[in-house]
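Below you'll find the structure, written out as structure tokens, and then a few comments.
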Amino acid sequence: MDGKTDSVLITPVKSSKVKPEDTVPEMGDLSISDNINTSTPSKPSYGHPRSLSAAPKFSLSGSQQTDGYAEARSQVNYYLKDNIDGVQAIAKHSDQTTQQFVIKQAESIAEFIDELVQCVKPGLGNAELENELKATIASQLKRRSPAGRYSEKTDTDMFNSAVRFLKWLCPGSDSTFSKTNEKHIYPCFVELINFVAELVVRPLLDQQPTSFDEKPKRLVRSYRKTDVKPDNAEGRRRIDMALKCDALHYNNMSDDDEYDEDSIQFSEERLKAKDGRNDERPNYSRIFAVVEVKPDTSAANIEKGFAQLVEYSKGVYWNQHNRRFIWGLVSGGSDVKACILGPNFLLASQFMDVTTAAGRLELIRFLVNWSFCELPKLGYDPTIRFNRVHKCFTIDMADSNEPMPTQTTYYLRKIVVFAERVFGRHTRCFIVGRQPPSLEAKSDNSGDILIKDAWPEVSGLAEDDMRDESKLLKRVSNGLAGHSEFNGLYPKYISGGRMQIQNTRGESVDDTTRTILGETVWAQLGDLPLRAHMRIAMSGVGEPLKTIQSIPELVVVIYDVMRCHMGILKHCQILHRDISEANILVRRDNAGVHGMLIDFDHSISITDDGYAKHAERTGTVPFMSVSNLENLQPKRTALDDWESIIYILCWLGTFGWNSDTRPSGSVADLNIASWDSNNVMKIANSKRDHMDSSRNFTGITKGFNPNIPDIRRLAKVVEGLRAVLIDNHSHPDLRGAMIIPDSFPEENDSDEEADQYEFKMRPDPFVERAAHWESISERLLAKLEIYAQGAKKLL
């Protein structure tokens, strides 16, 4: 409708809401672990294995909420690509015939709504307007209802819905409504989305589906509760609106069928009766998309909407373990943007103005596409599903590193790592078995298989990607197969590689960010790094480092880890490059406690002379070596990882490794606090100073937590390792950590001579030591072995 109309106030008719006959309860809750760990370092750590029945909440404290929003704004500035063409088309069905059918459905719904908009005329009284709207709705529904299926009750429900959203679509039609008031827009937006959903299952009689692909697979509806804190969230943060997916059933499944579309729901709620659910209140484990509404399209408000979308989508990732990416909507007044959030992108469409026929059609087509498209286009992972027969979740994977890969189905037992960020690798880890839990008691299989699921950066085709963790882990397993002394100290490869997904031609292709976005969108993103969906199954499951019970146990674990590290380097020619507390596990058996080295995401092949083939900066910042922080040449060696071990032990000695070993007082003034900064060069300079001499280094060890039993024993270990790495060398160029002048002016030189003196800097000792990495590493391992032998006597 063009132009401003006279004020018309339409009053809804009271009536109870009914669901379409073909719908079923919405897609189930996708469950979570315990609270987000925001401590530094913030890399995801392997927590205690937890079952799906625990259902802890996604939580942010007051300070975390503030920090979370600030972080989200920073991420928007970095990741956002705005006004991208083709964002909505990402959700289109892959089949061309189905696409054309969906377009017709969307156009018929848009025409229906256009007719309602045209009913709102200047000067029309309430009674006349109500009659016109009801007549239009009745006429449309009769055209969509088979004989004997028309219901006047549905007329009333849809009239009430239309009355609300027309206030938004027809500016000036209601003097009590302001499109610059967010709270006024909420109910209008809710009703428009739900109105479209009702019509998705009511096509025109001359546009009935002729195949299964032409039937909607789900309805995308809005929760009616708005400006609300989701049920499974703590803290004060409230989301404006949230959408959910209601899977549709067509009575073509038998009770013996193991899966249906509803099986995409990843949650302990699938194991419970659905009676008593709050159908109208959002829950992060069931939210399909977040909607943020702002009063206008000012840059500040839209940026705020993007930031809130990012902040709240974190809750979706944290809860839903099978989400590959997330959809969202940001509205400014009557203008709406479609958004998609992935591992390294936040893309937004151009505005769709709902007060215009063209804008409404574009939004409606987008909403309808969600109902028809394949599950992967919604952002879900169809290989993680709920098995109705065995009442458990399953994870499918194939070994893409084999010439003829075969698919294996694993049965979920526990979740041990959760995706806690919107952007990044989205690393998740699951403990699985080869048999359903109900049969495992009868099986010899202990179920100690771990599946790692992540989205790392990759280079080109899978066969050419030398950084593929699955290939590296397979090389480690093969290289150490004949060395029983390393058994249990590393995860053994079972299968893995890039996950596959079907393209528009029905062919299996790598599941990558490029595949998700399609060529039209990808071409607009410049040099966006490619990320691929990787999954690895491995045997050998350990406990997190926080299960360490004493300093002697810690020393034994670290020795095992570095013994394994050097074995991998020697027998497999692979350098780990990311030694951190998150990548060290603890394993216990009848022989005692052992360490386990995991996570080969950043590992790389070495040259014949022991150098890493690439020197990019990698790792967890507080534990990174000086050469790594400064990105020094030559390329990395094993000494960088040995240096990281020293920093880790210092970190644990100061900050502890669990709640029993945390310091009770402030640590802000300790020297080690300088290792945690946004400025990597400042960290590097600080570490050079601390490592340069034993005297300087005691400034770190004196800050160890005195309440930890045997803490001075740990101080002795790190001081001894530092001495081997930094001090104990015959050549002076290998000693120390600072770059200083080789000589100074003589005391009797004149001022003029002193001013003209050319300082010659001594070689960088970190660079010089790299050439002697092998002999120094051998001495470091021998020293650590002595400490470990002494520690074992105390256990």
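Throughout, residue positions are numbered sequentially from 1 according to the sequence presented.
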Next on the checklist: Checking Glu469 now: which residues fulfil salt bridge (Lys or Arg N to Asp or Glu O under 4.0 Å) with it, not counting sequence neighbours?
Outcome noted: Lys452
Item to check | Residues forming a salt bridge (Lys or Arg N to Asp or Glu O under 4.0 Å) with Asp240, sequence neighbours excluded | outcome: Lys294
Item to check | Donor-acceptor pair between Asp510 and Gln500 side chains, under 3.5 angstrom | outcome: yes
Next on the checklist: Do Asp468 and Ser470 pair up side chain to side chain, a donor and an acceptor below 3.5 Å, judged on atom types alone?
Outcome noted: yes
If you compare all heavy atoms of [X] against all heavy atoms of [Y], which two are closest, and at what distance to 0.1 Å?
{"X": "Ala72", "Y": "Ala307", "answer": "CB-O, 3.3 Å"}
{"X": "Ile239", "Y": "Pro230", "answer": "CD1-CG, 3.9 Å"}
{"X": "Pro282", "Y": "Tyr223", "answer": "N-CD2, 3.6 Å"}
{"X": "Ser603", "Y": "Leu472", "answer": "O-CD1, 3.4 Å"}

Checklist entry - Between Arg498 and Met534, is there a donor-acceptor pair closer than 3.5 Å when you use the side chain of the first and the backbone of the second? => result no
Checklist entry - With distance as the sole test, does Ser349 use its side chain to make a donor-acceptor pair with the main-chain N or O of Ala338 at under 3.5 Å? => result yes
Next on the checklist: Using the side chain to side chain donor-acceptor pair (under 3.5 Å) definition, which of the options Thr409, Thr394, Asp396 pairs with Arg385?
Outcome noted: Asp396
Quick one: does [X]'s side chain get under 4.5 Å of [Y]'s, heavy atoms only?
{"X": "Ile287", "Y": "Tyr312", "answer": "no"}
{"X": "His533", "Y": "Asp453", "answer": "yes"}
{"X": "Ile501", "Y": "Val509", "answer": "yes"}
{"X": "Leu248", "Y": "Lys215", "answer": "no"}
{"X": "Val196", "Y": "Val368", "answer": "yes"}
{"X": "Phe189", "Y": "Val336", "answer": "yes"}

I'd like to know if [X] pairs up with [Y] as an ion pair, taking the criterion as any Lys NZ or Arg NE/NH1/NH2 lying under 4.0 Å from an Asp or Glu carboxylate oxygen.
{"X": "Asp82", "Y": "Lys337", "result": "yes"}
{"X": "Arg425", "Y": "Asp599", "result": "no"}
{"X": "Glu214", "Y": "Lys104", "result": "no"}
{"X": "Asp227", "Y": "Arg238", "result": "yes"}

Mind checking what makes ring pair (Phe, Tyr, Trp, His ring centres under 6.0 Å) contact with [X], not counting sequence neighbours?
{"X": "Phe165", "value": "Phe195"}
{"X": "Tyr317", "value": "His426"}
{"X": "Phe351", "value": "none"}

Next on the checklist: Asp246 and salt bridge (Lys or Arg N to Asp or Glu O under 4.0 Å): which single residue from Arg218, Lys217, Arg221 fits?
Outcome noted: Arg221
Item to check | Residue list, side-chain hydrogen bond (donor to acceptor under 3.5 Å, both in side chains) with Gln105, at least two apart or on another chain | outcome: Gln207
Next on the checklist: The test is ring pair (Phe, Tyr, Trp, His ring centres under 6.0 Å); show your working for Tyr79 and Phe345 and say whether it passes.
Outcome noted: CA-CA 5 Å; Tyr79 290 104; Phe345 57 80; 9.1 Å; no
Checklist entry - Looking at Tyr380, does the NZ or CZ of Arg323 lie under 6.0 angstrom from its six-membered ring centre and within 45 degrees of the ring axis? => result yes
Checklist entry - Does NZ or CZ of Lys225 lie under 6.0 Å from the centre of the six-membered ring of Tyr186, at an angle within 45° of the ring axis? => result no
Checklist entry - Does the salt bridge (Lys or Arg N to Asp or Glu O under 4.0 Å) test come out yes or no for Arg535 and Asp511, once each step is laid out? => result CA-CA 11 Å; Arg535 188 171 291 167; Asp511 188 12; over 6 Å; no
